[in-house]
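Right, one structure below, let's go through it.
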Amino acid sequence: MRPMRSLVIAVAMTGCVGGKQVDSPVDYAAGDVLLAHEELTLRSTSLRETRRVNIYLPPDYGASADTRYPILYMPDGGVHEDFPHLTHTIDTAIRSGEMLPVVVVGIENTQRRRDMTGPTEVAEDRAIAPEVGGSAAFRAFIRDELMPEIEGRVRGSGETAIIGESLAGLFIVETFFVEPELFDVYIAIDPSLWWNDGELAKGAAERLQAGVGPGKTLHLTSAGQRGDGNVEFVEPLVEALRAHAPEHLRWTWLPKPDQSHATIYRAAKLEILRSLFPPQ
């Protein structure tokens, strides 16, 4: 195993397009610790490119060949993205007995705004990147190529989860609605639900009434207050869940009005993880 080392990482900061919060490629030094992990490259047929994946194993993974673990997938999972800070938090929480041990699979970005967004009818949306609307292909990569590879490499318990913020949160909410069976736990942190004029939230009631299978968990977290962030686009989804969520769906909303779009991932992650993966 490689020793832990310090890493200066690049983190997506907040910019604005038409008053909506979107990620801009501004870097800053966060000084996060990059833990020992495995690296994997996959040639993707769905995406027609090679993708890099980082795999964190919990501290006791090597202690028993019989123990199996939930697998937490994360977009923005490169070593210059959110993988270092999230896995460091998870590793610390596991060692202190605050959460259940999990495997983390971080998917490094190539064209983030392509992969995390679905189709849109809004010209302003299409202007944020040379190519958008590729979420179906990215989901196919995860479902058909990445998950089988991971299942063959690590001892999974059969429980899967996905976590992400901003456009990654948008992708997670979209996946929950269009392919709810793909994961058991969906964690969307300040999701960019303004995409395509808020269509995901606007159509939530109908989608919920169409049915979500048992054993699913949806967690939503939003930053800021109405009028200064994504919260006004998340609230319609929350209202739809209150009115139409099936009884068997476990869902929570954790508003963080004191946080911004740029700070909420780090501020909320430990509270979320402890609540969704409590120690046994």
Side-chain angles (χ1 to χ4, degrees), residues 11-14 20-23 30 32 70 72-77 81-90 92-93 98-100 102 104 106-107 112 116-117 135 160-177 180 182-195 198 200-202 204 207-208 212 216-243 245 249-278:
V11 180
M13 297 292 285
T14 300
K20 301 165 185 172
Q21 291 182 326
V22 291
D23 302 317
D32 286 311
L72 176 62
Y73 290 83
M74 58 172 301
D76 299 330
E81 299 167 336
D82 289 313
F83 185 79
H85 80 80
L86 185 66
T87 54
H88 186 259
T89 294
I90 287 172
T92 301
E98 296 179 82
M99 69 173 286
L100 187 72
V102 300
V104 181
I107 309 167
R112 183 177 191 267
M116 305 300 176
T117 58
S135 60
T160 58
I162 185 169
I163 185 171
E165 183 260 353
S166 192
L167 286 178
L170 171 73
F171 173 79
I172 289 166
V173 173
E174 181 191 79
T175 301
F176 172 76
F177 281 128
L182 192 55
F183 298 97
D184 300 299
V185 179
Y186 294 80
I187 307 167
I189 300 173
D190 210 34
S192 299
L193 296 183
W194 49 264
W195 185 259
L200 271 179
K202 290 177 180 177
R207 291 185 175 99
L208 288 166
V212 175
K216 302 302 175 185
T217 297
L218 173 64
H219 178 93
L220 300 166
T221 299
S222 59
Q225 302 183 36
R226 224 181 137 73
D228 67 357
N230 289 332
V231 63
E232 64 185 277
F233 302 99
V234 178
E235 285 179 340
L237 173 55
V238 173
E239 292 305 315
L241 286 162
R242 285 173 177 158
L249 174 64
R250 180 188 176 196
W251 71 274
T252 53
W253 179 42
L254 181 66
K256 293 284 187 181
D258 58 327
Q259 297 297 327
S260 70
H261 189 67
T263 64
I264 189 169
Y265 202 160
R266 291 168 181 265
K269 59 185 174 178
L270 180 57
E271 181 178 359
I272 295 168
L273 292 165
R274 285 190 302 199
S275 68
L276 296 179
F277 300 99

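Since this is a predicted model, take the numbers as computed values, not measurements.
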Are the side chains of [X] and [Y] in touch, meaning some heavy atoms are under 4.5 Å apart?
{"X": "V102", "Y": "F277", "answer": "yes"}
{"X": "L200", "Y": "F177", "answer": "yes"}
{"X": "K216", "Y": "R250", "answer": "no"}
{"X": "S135", "Y": "M116", "answer": "no"}
{"X": "H88", "Y": "D32", "answer": "no"}
{"X": "I272", "Y": "I189", "answer": "yes"}
{"X": "P278", "Y": "L100", "answer": "no"}

Using a distance-only test with no angle check, is there a side-chain donor-acceptor pair under 3.5 angstrom linking [X] and [Y]?
{"X": "T117", "Y": "W195", "result": "no"}
{"X": "T263", "Y": "S260", "result": "yes"}
{"X": "T221", "Y": "H219", "result": "yes"}

If you measure from [atom1] on [X] to [atom2] on [Y], what distance do you get to the nearest 0.5 Å?
{"X": "S192", "Y": "F233", "atom1": "OG", "atom2": "CZ", "value": "9.5 Å"}
{"X": "Q225", "Y": "Q259", "atom1": "CD", "atom2": "CD", "value": "12.0 Å"}
{"X": "E98", "Y": "L270", "atom1": "CD", "atom2": "CG", "value": "5.5 Å"}
{"X": "I107", "Y": "F83", "atom1": "CD1", "atom2": "CZ", "value": "11.5 Å"}
{"X": "E81", "Y": "D76", "atom1": "CD", "atom2": "CG", "value": "5.5 Å"}
{"X": "K269", "Y": "I264", "atom1": "NZ", "atom2": "CD1", "value": "12.5 Å"}

Heavy-atom closest pair, residues [X] and [Y]:
{"X": "G169", "Y": "P191", "result": "C-CB, 3.5 Å"}
{"X": "R112", "Y": "E165", "result": "NH2-O, 3.4 Å"}
{"X": "V212", "Y": "P180", "result": "CG1-CB, 4.3 Å"}
{"X": "V238", "Y": "W251", "result": "O-CH2, 4.0 Å"}
{"X": "A188", "Y": "V173", "result": "CB-CG2, 3.7 Å"}

Original post:
Is it true that a side-chain atom of D190 and a backbone atom of A223 form a donor plus acceptor pair closer than 3.5 Å?
Top reply: yes
Subject >> Name of the residue among L170, V231, N230 meeting side-chain contact (heavy atoms from CB on, under 4.5 Å) with L193 >> reply: L170
Original post:
Going through the distances and angles, do I163 and Y265 end up as a side chain to side chain contact (heavy atoms under 4.5 Å, CB included)?
Top reply: CA-CA 10 Å; I163 185 171; Y265 202 160; 3.9 Å; yes
**OP:** Start with the C-alpha gap between I162 and F171, add the side-chain angles, then the distance that decides, and say whether side chain to side chain contact (heavy atoms under 4.5 Å, CB included) holds.
**Re:** CA-CA 10 Å; I162 185 169; F171 173 79; 4.1 Å; yes
Subject >> Partner residues of T160 under the side chain to side chain contact (heavy atoms under 4.5 Å, CB included) criterion, sequence neighbours left out >> reply: Y73, M147, F183, D184
Subject >> From CA spacing to verdict: side chain to side chain contact (heavy atoms under 4.5 Å, CB included), L241, L220 >> reply: CA-CA 11 Å; L241 286 162; L220 300 166; 3.8 Å; yes
**OP:** Might you work through the side chain to side chain contact (heavy atoms under 4.5 Å, CB included) test for I172 and I187, ending with a clear yes or no?
**Re:** CA-CA 7 Å; I172 289 166; I187 307 167; 5.7 Å; no
